[in-house]
Every structure is written in structure tokens, then in C-alpha cells.
Amino acid sequence: MPPSFALSSVSPLAYLTAHPLRFGYTASQAQGIAWMKAALQRVAAQHPVPDVDRALRFYDRLARATTIESRTSCLEDFTHRDWDRMRLFSGPSMGDGQVGEGAALPWYRPPLETRMEVFAETALALAEH
């Protein structure tokens with residue numbers, strides 16, 4: 001039988017001493033918004049996107065109104081716009097960042113299996129940290 005654990009024996013300070021884990025890649029909020037705009041413009045260049053100009057204006061407004069300084073991701077993808085180097089946001093490469101013929105999903109909709117693979121790798125690495 002496991003030893004009993006008295007909740008009263010845990011100091012309230014135990015809940016206040018958590019430190020964030022340092023991992024991944026950090027980009028400023030402005031860089032993140034610029035990446036989103038570039039991705040949206042890339043999609044719009046490939047096929048029509050309803051209200052693309054409105055969405056771009058929204059991103060501009062968001063950049064001005066935010067108090068968020070930066071964001072962190074386990075993916076380097078969000079720190080550059082070299083689409084051929086993307087882990088999630090690429091497809092069968094044609095050498096210019098465009099997705100080749102026969103892709104199951106468009107580059108901007110990576111398969112769930114690929115996203116879950118990234119999640120599992122990151123979660124395991126953080127757990128071992």
C-alpha cells in the first residue's frame with residue numbers, strides 16, 4: 001500500500017516556484033504577425049482567399065494593439081520564410097517553396113499525423129529536460 005500523503009504537508013510555496021522551461025524558438029510578436037501575413041499572402045497567390053485584404057488589415061491592427069512581446073514555438077518554421085526549409089508548412093518541394101503535384105493536403109494544412117509527431121517529440125524532450 002502506498003504511503004499516505006497529507007495535503008497539509010505541502011507548502012503553498014510549492015505552487016509558486018514553478019519556472020518556465022526554456023525550449024524552442026522565440027520570435028517577437030511583430031515577427032510572428034509578419035510571418036502570418038506572409039503565409040496568408042502566399043496562400044492568396046496560389047488561389048483566391050475571401051477578404052484577404054481585410055485579414056491583412058486585421059493583422060496590422062493586431063500588431064499595434066497587442067501587449068504580447070514574444071511567442072515561443074518548438075518549430076523553427078515561424079522564425080523564417082524559407083518555405084523549402086519548413087518542417088510543417090511545406091510540401092513536396094519544387095525548389096521555390098511551392099508544393100508539387102500530388103500533395104495530399106495543401107502546404108498550409110499539415111497532416112494531423114505530422115503535427116502529432118512534432119507534439120510527441122517536443123513533449124518527450126521537455127519531459128526529459
Side-chain angles (χ1 to χ4, degrees):
M1 175 167 277
S4 64
F5 180 74
L7 200 51
S8 62
S9 67
V10 176
S11 165
L13 291 177
Y15 300 107
L16 300 175
T17 58
H19 299 285
L21 294 174
R22 303 286 180 215
F23 78 98
Y25 305 89
T26 300
S28 71
Q29 180 73 343
Q31 289 170 318
I33 290 171
W35 189 94
M36 293 295 293
K37 287 177 65 175
L40 178 58
Q41 289 166 330
R42 184 172 181 235
V43 171
Q46 293 174 354
H47 62 289
V49 174
D51 295 326
V52 68
D53 292 328
R54 181 177 178 206
L56 292 170
R57 286 192 308 274
F58 171 75
Y59 284 132
D60 289 337
R61 190 170 60 246
L62 183 63
R64 288 189 305 270
T66 187
T67 59
I68 296 169
E69 292 179 13
S70 63
R71 296 186 181 263
T72 300
S73 173
C74 64
L75 292 170
E76 187 181 20
D77 289 9
F78 301 106
T79 65
H80 62 85
R81 294 184 202 156
D82 182 354
W83 303 104
D84 288 330
R85 280 189 22 223
M86 299 287 176
R87 176 155 183 203
L88 281 185
F89 301 105
S90 67
S93 179
M94 294 171 46
D96 60 356
Q98 301 299 311
V99 176
E101 294 297 320
L105 292 172
W107 66 268
Y108 52 88
R109 287 182 42 211
L112 177 61
E113 295 81 14
T114 305
R115 291 181 285 147
M116 292 306 297
E117 179 182 302
V118 170
F119 172 79
E121 288 172 9
T122 303
L124 182 59
L126 286 172
E128 291 173 347
H129 188 59

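Index from 1, following the sequence.
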message: Once side-chain hydrogen bond (donor to acceptor under 3.5 Å, both in side chains) is applied, do any residues pair with T72, and if so which ones, sequence neighbours excluded?
response: T26
Which pairs of donor and acceptor atoms, one on a side chain in residues 53-66, lie under 3.5 Å apart (sequence neighbours left out)?
unit_1, atom_1, unit_2, atom_2, d
D60, OD1, K37, NZ, 2.5
T66, OG1, I68, N, 3.0

message: Checking ring-ring contact (aromatic ring centres under 6.0 Å, His included) between F89 and each of F78, W83, Y108, which is the one that passes?
response: F78
- line: Taken in chain and number order and not counting sequence neighbours, the residues that satisfy salt bridge (Lys or Arg N to Asp or Glu O under 4.0 Å) with R87 are E117, E121
Closest heavy-atom pair and its distance - H80, M86: O-CE, 3.3 Å
field: Cluster check F23, Y25: I/L/V/M/F/W/Y, side chain < 4.5 angstrom
entry: no
- prompt: For the residue pair L88 and P110, what are the closest heavy atoms and their distance?
  reply: O-CB, 3.5 Å
